[in-house]
Amino acid sequence: MRWPNGLDGLCYGGDYNPEQWPESTWVEDVSLMRKAQVNLVTVGVFAWSRLEPQPGRYVVDWLDRVLDLLHDGGVKVVLATPTAAPPPWFSLAHPDALPVTAEGVRLHHGSRDTYCAAAPAYRDAARAVATMLAERYRDHPALAMWHVHNEYGTICHCPHAAAAFRRWLRERYGDLDGLNQAWTGSFWSQSYSDWAQVDVPRATQYLANPTQVLDFRRFWSDELLAAYVEQRDVLRRATPDVPVTTNYVLADWVPVDHARWSSEVDLVAIDHYPGETDGRAEEQTAFAADLARSWAGRRPWLLMESAPNLIYRYAEGVYAGKEPDRMLRHSLAHVARGSRGAMFFQWRAPRGGAEVFHSAMVPHAGADSRTFQATTRLGELLTGLAETDAGTVAAHAAISWDAASGWALQHPGMPSRHISYADEVAAAYRALWRCGVTTDVVCPTAATFDLTGYRMLVLPALYLMSDAVADAVAAWVHDGGHLVVSYLSGVADPAAQVRLGGYPGALRDLLGVRAEQFLPLEPAATVRLTGGRTGRLWQERLTAPDADPVLRYAAGVLAGQPAVTRRRVGAGTAWYLSTRLDDDGYRDLLAVIAAEAGVLPVLPGAPAGVEAVRKVAGDDRWLFVFNHGTTPVEVDVWGEDLVSARVVSGAVRIAEGGVMVLREQPPRRRRRRAH
Ligand code: GLA
């Protein structure tokens, strides 16, 4: 991973859209940025129609002045290519490059992302505008990093997409026999006898072919990556020393396998907008940050966008407020887990446009506002926390995340529409998070998949599993790893074909169990388990020929049969969960397994709602402690708190919504000083 050039310490700032404002506002912007200690802004993300009002006619004097002004103000720039928002002339000139839905509806200009990334005209225009920016700004002293596009994730079903999909499939399967076999063409008369018959998954009568749909998502991940790489290479050629990145969007509609993309970016950068208000936003924040750190190869990364004062509850169609203390906690939680700073969408709230009420560091009310005070406070804090940038986070527990398994489980032909991959991973992560254990995320299909150094591994609903991954997991358990597998793992191979002989196919022998039937539960139903626990969402008719039942079903059609099992394997153990344990049950079980594995909480005995993460650089250690609760708590810590500038030790009170970042003195140095 590489860093924005010319920046020391942590990055602080956000998306800056000067094209929306008169020049007099730019001057005020830079002065407010200085006041808030902003040192990095992302410029030009959606500025294509301003940069190129007519085909090939570039108007850049305004951008020259913006960059000069920022440079004079000591603010570095992440210069974006504007290719996520093609201008009106482009769409008129190239209607074939407008995106088409699965229903065959061609979408029109009027929003953003109105392109098909497989359309040659779009790719040419994108490369051309990236080339222009690279040539013009390659030597500008404000340029710290390139930001390609915005949140890659748009798919299309047009003829260009179909042709590119066929090329991708030929590459993957070689010939039609391979394709027909992988897609189970014998089912419902779907065998192809000519490549011209193979199409993108369009709206169809009833259930679509699941492997066709899965491959379409994989294809789009690769196609979008190719579009990114084209622009990146243009920028790299002009400025080999300036890092290039793009901002990942995390959502289950996104057809991007970020684990596979991460070797192509110089710095992993994510956007994160947690949607929950009931305390879950904090877990979501921790998970997103751990995911980003893992994508970055356990090295630092960057929170490129987050919301200064709103939580977007898209499902409910309503915005919820985000109080300043929560904004600070979320920002610092990302920093604690390896983000090289905190960036926002956006610097200044616009006067109009589709996202007119999205939040900003400078809100509609202006700088005389609680939001801007919080902006300034965060700037001070991040400046004071610069030394923590040297630290890295170490984890001995890991959880799996596999984009393709999530896509496969979205197919409506699955046994329960109430199972969501993201929820399954979130529930397992929540249990670990509530144990106070620091967790890495491993991506089994990534080239970098490696379990070395982990003592505990949780595989929630890892539906697709290759033999190679199953073998690697088994070898790791034999060598002393403590494995926890949940239902719907190992069921199918990478082509989404079910492994025969009983579930969980690829892991059956390792776990010593065999399930012969899934019996999903209605969303509101629960099933009693022994030990006073409950299960929900899922249950299985399970036998444990070579494992010990730890919990059994205590009611219902499965009463008396194993629900949770444990098997000793070589120097390790392998646990199987055939139902979704209630949250406390999940946490308690993982706490037992973590203790057996020697995986310790960061802050043993911390009260509920307290999150602790440690960063380490040689002898230097920083302990980030967050009280996400609504009442003050006491924690047993010591060191110099860089937030309050106090030296603390012993039972230390931390206010509700409070944060401490303790510079913990290494015991060796303390002893020396004491003598
Ligand atoms: C994303 C986009 C931004 C903006 C925000 C919403 O992160 O990258 O352009 O739409 O969401 O506030």
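One-based numbering, in listed order, for ligands and for the atoms of each. Each residue takes its place number in the sequence, starting with 1.
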For side-chain contact (heavy atoms from CB on, under 4.5 Å), just list the numbers for M343 and L303, CA-CA rounded to whole Å, side-chain angles, deciding distance to a tenth of an Å, and then say yes or no.
CA-CA 6 Å; M343 306 280 287; L303 173 68; 5.6 Å; no
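Contacts with ligand 1 closer than 4.0 Å are made by no heavy atom of M304, backbone or side chain.
Polar contact check, D15 against ligand 1: no nitrogen or oxygen pair lies under 3.5 Å apart.
Atoms of ligand 1 lying under 4.0 Å from any heavy atom of F46, numbered from 1 in the order shown and given with element: 9 (O). Those atoms of ligand 1 that come under 4.0 Å of a heavy atom in D271, given as number and element, are 7 (O), 8 (O).
Of the protein's heavy atoms, E355 OE1, 3.2 Å lies nearest to atom 4 (C) of ligand 1. In this structure, atom 9 (O) of ligand 1 lies nearest to the protein heavy atom R112 NH1, 2.9 Å. Of the protein's heavy atoms, Y273 OH, 3.5 Å lies nearest to atom 5 (C) of ligand 1.
Taking the six-membered ring wherever Trp is involved, the centroid distance between the rings of F357 and Y319 does not fall below 6.0 Å. Taking the six-membered ring for Trp and the full ring otherwise, W401 and Y429 have centroids separated by 6.0 Å or more.
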When the side chains of residues 85-100 are checked against the rest of the protein, which donor-acceptor pairs come out under 3.5 Å, sequence neighbours left out?
| residue | atom | partner | partner atom | Å |
| --- | --- | --- | --- | --- |
| W89 | NE1 | E52 | O | 2.7 |
| W89 | NE1 | P53 | O | 3.4 |
| D96 | OD2 | H160 | NE2 | 2.7 |

Contacts table for residues 67-74: side-chain donor-acceptor under 3.5 angstrom, sequence neighbours left out:
| residue | atom | partner | partner atom | Å |
| --- | --- | --- | --- | --- |
| D68 | OD1 | H140 | NE2 | 2.7 |

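Proximity of Q346 to ligand 1 is not established, as no heavy-atom distance is less than 4.0 Å.
At most 12 non-hydrogen atoms from other residues, nucleotides or ligands lie less than 6.0 angstrom from CZ of R417.
When the heavy atoms of H149, E305, H358, H272 are ranked by distance to atom 2 (C) of ligand 1, first place goes to E305.
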